[in-house]
2 protein chains.
Amino acid sequence: MKRDSRLSSVLHALLHMAEHDGPMTSEALSKCLGTNPVVVRRTMGLLREAGLVASDRGHAGGWRIAVDLANVTLRQLHDALGEPAVFAIGNRHETPDCLVEQAVNAALDTAFAEAEALLLERFAEITLADLAADFARRHAARRAQRG
Amino acid sequence: MKRDSRLSSVLHALLHMAEHDGPMTSEALSKCLGTNPVVVRRTMGLLREAGLVASDRGHAGGWRIAVDLANVTLRQLHDALGEPAVFAIGNRHETPDCLVEQAVNAALDTAFAEAEALLLERFAEITLADLAADFARRHAARRAQRG
DNA sequence: GGGATATGTAACATATGAAGTTACATGAAA
DNA sequence: TTTCATGTAACTTCATATGTTACATATCCC
Ligand code: FES
Ligand code: FES
C-alpha cells in the first residue's frame, strides 16, 4: 500500500510558511517539498476549506496561514484532509454474512478503534506552535554543534 | 491505498479449520474466503513457517492447525505475516535533511509508535480461542433468534 | 485596457503494491 | 502410475496516491 503522506506534507509546508514573511506560491512550496505545484494547490485547498489557510491570486499572491499556530492541532489538519483511513490493515469485507467473519471483524475493529482513538488523541495534543518550537530547538542545536 | 486483509483472512480460515474435522485443502478454504487457492497457500505458508499450521500434500492432504487455539494470539499471527505496516499514513521521507521535516517526522512518529504499541498490545490479548468462543456465542444467538 | 502572475480544477499519466491468476514442479496416497 | 494436493515463480489485474498537462479565472501592475 502506498502511504498517504499529505499530513506530513502540509505540516512541512505550514511550518515553512510560518518562518516566511508574506504569502508563498504553490510553485515555491512545491520546490521545497519536492513535488508539483498542482499537488500543493490540491492539498492546501482542503486546508483553505477548513479555514486554516487563505490564498490569493495574481501578483504577490500565494498561500498564507489564516490562524494562530497555537490554535491548530494535528487533529484539525487530519480532519481538514478528509480524515483519511489511518490503517493499512483491514477487514476483508465490512459487513459479512458469515458468523465466523463477523466474530473476526468485531475483534479486529475494536482493537483498531482503540488504536485510532489514541492516535487522534495524540494528534489533538500537538499544535503547530509545538512543532515550530521543536524546529527552533533543533535549529539552535545544529548551530551550537557547528560552532 | 489498498488495505492488507491477510490477518482478517487467516483468522477466518483458522476458525473455519478449527470447526472442521481433518485437514482442509487450499481449494476449500479459497472458496470459503472468496479468493484463490494460490493466495491461500501463499498466506498460510507464512503461518506454517511460524509453526502455527501444518500442511500435507497428496491425497487427504491440506492444512491443519498445529497448535492449541488458546495459545495463539492475533499478535503472533501478525508477526507470522511479516509484521506488515500498520498505518496508511506516513512521512514523506524517512530521514530528511531538512530540520523542519525532522521536527514534523519526530512528532508524527511518536504518535504512530504509541498507537501501534497499543494495537499490538490488544492483538496480544486476543487468542484464537477467544474468537472461537465469540463465534459460538453468535451462533447460539442466531439459533435462538430463529426460534 | 492589457500583459504578467497566481490560483482553481478537470483530465490524464505514472507508480506502487495488494491480490488474483496461470503454469508447472514436487511430493504423497490410493 | 494415476490422482490429488501443496510449493513457487511469473505474470496480470486492480486500487489508489501522486504527478503532470492544459486551460479557465482572478488579481496586480504598468
Ligand atoms: S523547510 Fe523547506 S525544505 Fe524543509
Ligand atoms: S466460515 Fe467459511 S465462509 Fe465464513
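Proteins get letters first, then strands, A, B, ... in listed order; numbering begins at 1 in each. A quick note: this is a predicted structure, and the numbers were derived from the prediction, not measured.
Residues satisfying the side-chain hydrogen bond (donor to acceptor under 3.5 Å, both in side chains) test with A:Thr127, not counting sequence neighbours, are A:Asp130. For the salt bridge (charged side-chain N to carboxylate O under 4.0 Å, His left out) test, residues two or more places apart in sequence or in another chain that qualify with A:Glu114 are B:Arg122. In this structure, the ring-ring contact (aromatic ring centres under 6.0 Å, His included) partners of B:His139, at least two apart in sequence or on a different chain, are B:Phe135. For B:Arg137, the salt bridge (charged side-chain N to carboxylate O under 4.0 Å, His left out) partners are B:Asp134, not counting sequence neighbours. Partners of A:Asp56 under the salt bridge (charged side-chain N to carboxylate O under 4.0 Å, His left out) rule, at least two apart in sequence or in another chain, are A:Arg64. With sequence neighbours left out, the ring-ring contact (aromatic ring centres under 6.0 Å, His included) criterion links A:His93 to no other residue. Every residue two or more places apart in sequence or in another chain was checked for a side-chain hydrogen bond (donor to acceptor under 3.5 Å, both in side chains) with A:Arg57, and none qualifies.
For the pair B:Glu27 CD and D:dA5 C1', the computed distance is 10 Å after rounding to whole Å. In this structure, NZ of B:Lys2 is placed 7 Å from C1' of D:dT13, rounded to the nearest angstrom. Rounded to an integer number of Å, the gap from CG of A:Asn91 to P of C:dA19 is 12 Å. If you take CH2 of A:Trp63 and P of C:dG8, they are 4 Å apart, rounded to a whole angstrom. Whole-Å rounding puts the B:Asp56 CG to C:dA29 P distance at 8 Å. The NE2-C1' distance, from A:His93 to C:dA18, rounds to 15 Å in whole Å. Distance A:Arg92 CZ to C:dA19 C1': 8 Å, rounded to the nearest Å. Spacing between atom CE of B:Met24 and atom P of D:dC4 amounts to 18 Å, rounded to whole angstrom units.
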Show which side-chain atoms of residues 41-49 of chain B pair as donor or acceptor with protein atoms under 3.5 Å away, not counting sequence neighbours.
{"unit_1": "B:Arg41", "atom_1": "NE", "unit_2": "B:Ser26", "atom_2": "OG", "d": "3.4"}
{"unit_1": "B:Thr43", "atom_1": "OG1", "unit_2": "B:Val39", "atom_2": "O", "d": "2.8"}
{"unit_1": "B:Arg48", "atom_1": "NH1", "unit_2": "B:Ser55", "atom_2": "OG", "d": "3.1"}

Identify each donor-acceptor pair in which a side-chain atom of residues 71-78 of chain A lies under 3.5 Å from a protein atom, sequence neighbours left out, and give them as a table.
{"unit_1": "A:Thr73", "atom_1": "OG1", "unit_2": "A:Arg75", "atom_2": "N", "d": "3.4"}
{"unit_1": "A:Thr73", "atom_1": "OG1", "unit_2": "A:Gln76", "atom_2": "N", "d": "3.1"}
{"unit_1": "A:Arg75", "atom_1": "NE", "unit_2": "A:Asp79", "atom_2": "OD1", "d": "3.2"}
{"unit_1": "A:Arg75", "atom_1": "NE", "unit_2": "A:Asp79", "atom_2": "OD2", "d": "3.3"}
{"unit_1": "A:Gln76", "atom_1": "OE1", "unit_2": "A:Thr73", "atom_2": "N", "d": "2.9"}

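The stretch residues 30-47 of chain B touches DNA chain D through B:Val38, B:Arg41, B:Arg42, each having a heavy atom within less than 4.0 Å of the strand. In the region residues 9-23 of chain B, proximity to DNA chain D at under 4.0 angstrom, judged on heavy atoms, holds for none of the residues.
At a threshold of 4.5 Å between non-hydrogen side-chain atoms, the residues A:Leu33 and A:His16 do not count as touching. When side chains are defined from C-beta on, B:Ser9 does not count as touching B:Thr35, because their heavy atoms never get closer than 4.5 Å.
Proximity of B:Ser55 to the phosphate of D:dT6: no side-chain N or O atom is located under 4.0 Å from OP1 or OP2. Contact check, B:Arg64 against D:dA5: no side-chain N or O comes under 4.0 Å of OP1 or OP2. For the OP1/OP2 pair of C:dA19 and a distance below 4.0 Å, the side-chain nitrogens and oxygens of B:Ser5 include at least one atom meeting the criterion. Checking the phosphate oxygens (OP1, OP2) of C:dT7, no side-chain nitrogen or oxygen of A:Arg48 falls inside 4.0 Å.
Side chain of A:Arg57, nearest nucleotide from C:dA19, D:dT18, C:dG8: C:dG8.
Looking only at atom types and distance, the side chain of A:Arg92 has no donor-acceptor partner in the side chain of B:Ser8 under 3.5 Å away.
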Give me the distances for all protein-to-nucleotides 1-4 of chain C N/O pairs that come in under 3.5 Å?
{"unit_1": "C:dA4", "atom_1": "N3", "unit_2": "A:His59", "atom_2": "NE2", "d": "3.4"}

